[in-house]
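None of the values given here were measured: they were computed from a predicted structure. Chain naming here is simple, since letters A, B, ... match the order of the sequence lines and numbering starts at 1 in each.
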Amino acid sequence: MRVYNTLSGKKEDFIPLEPGKVKIYVCGVTVYDYCHIGHARSAIVFDVMRRYFRYKDFQVRYVRNFTDIDDKIIRRAQEEGIPWNEVVRKYTEEYYRDMDALGVERADVEPRATEHIPEIIEMVRTLIDKGYAYEVNGDVYFEVNRFPGYGKLSKRSMDELVAGARVEVDERKRNPLDFALWKAAKEGEPAWDSPWGPGRPGWHIECSAMSIKHLGETFDIHGGGADLIFPHHENEIAQSEACTEKPFVRYWLHNGFITISKEKMSKSLGNFFTIREILERFDPEVIRAFILSTHYRSPIEFSEEQLLDSEVSINRFYSTIMRVETYLDRMPQKVKATPEEEYLQEILRKFRARFEEALDDDFNTALSLGYMYELVREINRYLDSKPSGGPARKLLLEGISTLRETGKVLNIFQRSPQQWHTSLLRSFL
RNA sequence: GGCGGCGUACCCAAGUGGCUAAGGGGGAGGUCUGCAAAACCUUUAUGCGCCGGUUCGAAUCCGGCCGCCGCCUCCA
């Protein structure tokens, strides 16, 4: 397998730390609002990677966190006049509702920052002891100048970062790029005791502490949206490697954005659609197929037209399944071979290899889908030739089961045609 | 300003040195059908933003130009 590693900027052979095993950490969401389609993309593409590793007989350990304490959560709690942990509870529940609907599997471990305060404190303490961090009035900052590799993931030098920085100047920091490991609590804010006084963890430290705890000091894959490359993942590398003195992650994988009118969909621009809104109009399988019809690193333009295209494609699949079922029910015993049989056999013979070749090449789901639709067409062509008898039955069933099994990797094509059609009718109402 | 990415048909999209440039949607024509739908077939890029260069050979590598986008600030 080959994967594109953001760290090296190229595709590399994937070699796991331990043969046959793969350890993956994916940055999840901050639970303070409903998820939008961009969150869905990240969740779905990494879900597919995980499923594909399993398909390839890897033993997968998959960790995806929830950020359950930060400024946005605190602000939202104040706005709604409810406790911060009530905000967390509510939006965690909503997250699961959306992701379950989209067929995103639960992670093996789903750690939360507030459940790892001791590990976080321990890590911050180590960083201070080693001289990588300093305390100022109850805040603790990581000193980026102390870490020689700073900028290696986002491919920027310190000078460039400082020159282009638009961050507000905080006089207490030794360098404007220094980032908070621990934040002192202001009046009325949720707080945990620490050697530096009551406070809460900074955003980046939780992912380092939790990934190291659940996957070890070095692990295989760390993923997330491309907008996390800087500063989040850059900071994770700095604090983790400073702390453990070992390489943190072997392969950094990042998914591209969803755009609206060519612009990045984002909270701050306000040009986003929630998963919930889209699910009112489209079947979840349509959303999955739409997202997987583009390579995970490329931008996808979100549009109704594209979703409708995906809907038609999936419909063709289920119509074919139904056609085969009906056909087999009425098919005569008498053996009738047709020339099309050879074509279908030929495409089936090559199918698995081509499917795997596509996904082996940096998870090219778009290409794998193309092969699947080619197989659908070949099955229809064979049906049109009106074959009959045992061998024909066997061949048709093989075609269907091949699509079903490979569909498992993308988690599409898993329902009955009846279920699909029922759901489709519902979306018209 | 710095760094990075992208530009393939009417739309989406795969393809990163070499067979006829996947696949889907849409359009046109056709087969089947009582009609229709579905399905299938044919067709829809001698060309891959533009101009040069390297090479026996380039969408694919190099240089320049044009256009679009992202990151540098919370962000999937």
Say whether [X] and [Y], considering side chains only, have a donor N or O and an acceptor N or O under 3.5 Å apart.
X	Y	result
A:Asn145	A:Tyr150	no
A:Trp182	A:Asp139	no
A:Thr30	A:Asp70	no

Applying a 4.0 Å non-hydrogen cut-off, can you work out what [X] is touching in the nucleic acid: base, sugar-phosphate, or nothing?
X	value
A:Arg323	sugar-phosphate
A:Ile258	base
A:Gly225	sugar-phosphate
A:Ser268	base
A:Asp227	base
A:Gly9	nothing

| task | Go through the N and O atoms of the side chain of A:Lys264 and the base of B:rC69, and report whether any donor-acceptor pair is under 3.5 Å. | result |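 It does not, because no donor-acceptor pair links the side chain of A:Lys264 to the base of B:rC69 below 3.5 Å.
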
| said: If you count every heavy atom of other residues, nucleotides or ligands that lies below 6.0 Å from A:Arg146 atom CZ, does the total exceed 12? | reply: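 Counting other residues, nucleotides and ligands, CZ of A:Arg146 stays at 12 neighbours or fewer.
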
Whole-Å distance separating the [atom1] atom of [X] from the [atom2] atom of [N]:
X	N	atom1	atom2	value
A:Ile24	B:rA76	CD1	P	20 Å
A:Asn271	B:rC69	CG	P	13 Å
A:Phe257	B:rC6	CZ	C1'	13 Å
A:Tyr382	B:rA38	OH	P	25 Å
A:Ile73	B:rC74	CD1	P	16 Å
A:Tyr318	B:rA37	OH	C1'	21 Å
A:Glu304	B:rG25	CD	P	18 Å
A:His233	B:rC75	NE2	P	10 Å

Look through every strand shown and name the nucleotide pairing with [N] as Watson-Crick or G-U wobble, where both distances are under 3.5 Å.
N	answer
B:rA13	none
B:rC75	none
B:rA21	none
B:rG70	B:rC3
B:rU54	none
B:rA38	none
B:rC65	B:rG49

Give me the distance, rounded to whole Å, that separates [N] from [M] when you measure between the [atom1] atoms they each carry.
N	M	atom1	result
B:rC3	B:rC19	C1'	40 Å
B:rC65	B:rG70	P	22 Å
B:rA22	B:rG64	C1'	32 Å
B:rC35	B:rA9	C1'	34 Å
B:rA14	B:rU54	C1'	27 Å

Counting the benzene-type ring for Trp, do [X] and [Y] have ring centres under 6.0 Å apart?
X	Y	result
A:Tyr318	A:His421	no
A:Phe413	A:Phe317	yes
A:Phe290	A:Phe282	no

| query | Which comes earlier along RNA chain B counting from the 5' end, the contact point of A:Ser310 or that of A:Ser319, where each point is its nearest nucleotide? | reply |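 Per heavy-atom nearest nucleotide, the more 5' residue is A:Ser310.
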
| said: Assuming nearest nucleotide by heavy-atom distance, tell me which of A:Val376 and A:Ser266 is located more 5' along RNA chain B. | reply: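 That would be A:Val376.
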
| Does the distance from a Lys or Arg side-chain N to an Asp or Glu carboxylate O, for A:Glu206 and A:Arg200, drop under 4.0 Å? |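 No.
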
| field | Sidechain N-carboxylate O distance under 4.0 Å for A:Glu285, A:Arg415 | value |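 Yes, this pair counts.
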
| request: Could you run through nucleotides 11-22 of chain B and give me one letter per nucleotide, 5' to 3': B if any protein heavy atom sits under 4.0 Å from the base, S if only the sugar-phosphate is that close, - if neither? | output: SSSSS------B

| task | Output the single nucleotide from B:rA76, B:rG70, B:rG2 whose closest atom is nearest the side chain of A:Arg156. | result | B:rG2

| request: Counting heavy atoms from C-beta on, name the nucleotide in B:rA39, B:rA76, B:rG70 closest to the side chain of A:Met265. | output: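 For A:Met265, the side-chain atoms sit closest to B:rA76.
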
| A:Phe53: ring pair (Phe, Tyr, Trp, His ring centres under 6.0 Å) partners, not counting sequence neighbours | A:Phe14, A:Phe58, A:Phe363

| field | Side-chain N,O (A:Arg316) to OP1/OP2 (B:rG24) below 4.0 Å | value | yes

